Amino acid sequence: MKIKNIPLTDRPRERLLKVGPSNLSNEELLAIIIKTGTKNKSSKEIASEILSKLNNINELATIDYNNLKKINGIGNVKAIDLLASIELGKRINTKISSINNIKFTNPNIIFEYYKNTLGKSKQEHFCAVYLDSSKKIVKEKVLFKGTVNHSMVHPREVFKEAYKCDATAIICIHNHPSGNVTPSRDDLETTAKLIEIGKLFNIHIIDHIIISDTGYYSFFENGDI
């Protein structure tokens, strides 16, 4: 059924004004963002098809442009609008909007910043946060994107960025898409290698944090560094 054929009081926009956004279904909220349907499908039907591709609404946080474009009725503009809305939602739900110039005092700072982005990713990423001598964060950078369960980390790239920003310490961060933040054998070996190289360059690895969207594992807190 096209939106124009739905009684006025039952249309998503009108219902939002009447009962408030918190009382709308996921389908209705998506339909509002999508705005218009196609010749053969309403915006609600397109929204329903998007949701049918997900196991739960949380997976909407990881949907990408290419998968959106595969859905009949989602073109370039609608895909961009949806991705922008999803990203804005992530940022609103993040307690720390930027970690630059923040003084690092505990791993939870890193977790709060990355949990809604890196923590929800289905692909493994390896990032580094660079600190000055007072442990103030001066730079963050995604260094590698890997497959679902592995990313190739080259020490040269990790320390090259440290020299660029005159950092004296590094915190390594990567995610486990499985949700299990227990370090793997590769994680332990990679961390040990980076620590040894850091000693040679006098740029110390002060923590390596593995995150998911629900928790984290800190090598420092667990005595691995």
Side-chain angles (χ1 to χ4, degrees), residues 1-3 6 10-13 15-16 19-38 40-97 108 110-127 142 144-152 173-184 186-187 209-217:
M1 182 182 291
K2 292 185 177 295
I3 292 291
I6 298 174
D10 292 334
R11 297 177 189 178
R13 288 184 179 83
R15 273 184 36 77
L16 186 147
V19 302
S22 62
N23 291 301
L24 267 62
S25 68
N26 294 331
E27 180 186 86
E28 289 173 312
L29 292 170
L30 271 177
I32 291 172
I33 297 170
I34 291 168
K35 296 185 180 71
T36 59
T38 64
N40 300 314
K41 296 170 72 174
S42 70
S43 58
K44 283 190 70 176
E45 288 173 318
I46 297 171
S48 180
E49 186 172 345
I50 292 172
L51 293 172
S52 73
K53 306 291 184 185
L54 311 174
N55 292 316
N56 58 67
I57 191 63
N58 292 331
E59 290 186 1
L60 195 61
T62 61
I63 200 164
D64 60 22
Y65 175 83
N66 291 328
N67 283 321
L68 281 172
K69 285 293 295 292
K70 291 177 183 177
I71 296 170
N72 185 21
I74 296 292
N76 184 57
V77 173
K78 283 184 171 61
I80 290 171
D81 287 348
L82 281 165
L83 291 173
S85 298
I86 292 166
E87 178 59 28
L88 185 61
K90 291 178 186 177
R91 296 184 187 188
I92 290 170
N93 198 39
T94 300
K95 292 180 180 179
I96 301 172
S97 59
N108 194 60
I110 301 297
F111 171 65
E112 288 294 340
Y113 180 71
Y114 283 105
K115 68 177 182 180
N116 290 318
T117 52
L118 204 61
K120 292 182 182 294
S121 177
K122 298 299 182 184
Q123 186 179 44
E124 190 167 321
H125 292 63
F126 187 95
C127 307
V142 177
F144 306 97
K145 295 181 182 180
T147 60
V148 168
N149 56 14
H150 184 64
S151 85
M152 299 298 292
I173 307 115
H174 81 278
N175 63 312
H176 279 182
S178 67
N180 180 359
V181 295
T182 304
S184 67
D186 280 349
D187 295 336
I209 302 169
I210 303 170
I211 70 168
S212 70
D213 60 340
T214 58
Y216 70 88
Y217 181 97

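The model shown is predicted, which means the values in this text are computed figures rather than measured ones.
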- Item | For N180, side-chain hydrogen bond (donor to acceptor under 3.5 Å, both in side chains) partners two or more places apart | T182
- Item | Spacing of OG belonging to S25 relative to CG belonging to L51, to within rounding of 0.5 Å | 8.0 Å
Compile the donor-acceptor pairs under 3.5 Å between side chains in residues 80-89 and protein atoms, sequence neighbours left out, one pair per line.
residue: D81; atom: OD2; partner: K35; partner atom: NZ; Å: 3.4
residue: S85; atom: OG; partner: D81; partner atom: O; Å: 2.9
residue: E87; atom: OE2; partner: R91; partner atom: NE; Å: 2.9

- Summary of salt bridge (charged side-chain N to carboxylate O under 4.0 Å, His left out) pairs that have at least one residue in residues 49-69, sequence neighbours excluded: K41-E49
- Give, for atom CD1 of I46 and atom CD1 of I34, the distance between the pair rounded to the nearest 0.5 Å. 5.5 Å
- Message: What's the separation between atom OG in S121 and atom CD1 in I211, rounded to the nearest 0.5 Å?
- Response: 9.5 Å
- Message: Are the side chains of I173 and Y114 in contact, using a 4.5 Å heavy-atom criterion?
- Response: yes
- dist L118:CG -> H176:NE2 (nearest 0.5 Å) comes out at 11.0 Å
- Message: Taking side-chain hydrogen bond (donor to acceptor under 3.5 Å, both in side chains) as the definition, give me every residue that meets it alongside N76, ordered by chain and number, with sequence neighbours left out.
- Response: Y65
- Message: T62: which residues meet the side-chain hydrogen bond (donor to acceptor under 3.5 Å, both in side chains) condition with it, sequence neighbours left out?
- Response: none
- Query: Taking the inter-plane angle between the rings of F126 and H174 on a 0 to 90° scale, is it parallel (under 30°), tilted (30 to 60°) or perpendicular (over 60°)?
  - Reply: parallel
- Please list, chain by chain and in numerical order, all residues satisfying side chain to side chain contact (heavy atoms under 4.5 Å, CB included) with T36, sequence neighbours excluded. K78
- Taking only residues at least two apart or on different chains, which pairs with a member in residues 20-33 satisfy salt bridge (charged side-chain N to carboxylate O under 4.0 Å, His left out)? R15-E28, E27-K44
- For D213, side chain to side chain contact (heavy atoms under 4.5 Å, CB included) partners two or more places apart: K120
- Interatomic distance, F111 atom CZ to S212 atom OG [nearest 0.5 angstrom]: 6.0 Å
- Message: To check you understand the geometry: which heavy-atom pair defines the closest contact between L30 and A47, and what is its length?
- Response: CB-CB, 3.6 Å
- Between V142 and H125, the two heavy atoms sitting closest are CG1-CD2, 4.0 Å
- Note on the structure: From the list N108, N175, I110, side chain to side chain contact (heavy atoms under 4.5 Å, CB included) partner of Y216 resolves to N108
- For the atom pair CG (L16) and CZ (R11), what is the distance rounded to the nearest 0.5 Å? 15.0 Å
- Task: May I ask you to test the L60-I50 pair for a side-chain heavy-atom distance under 4.5 Å?
- Result: yes
- Task: Would you check if E124 and P177 make a side-chain contact, meaning some heavy-atom pair closer than 4.5 Å?
- Result: yes
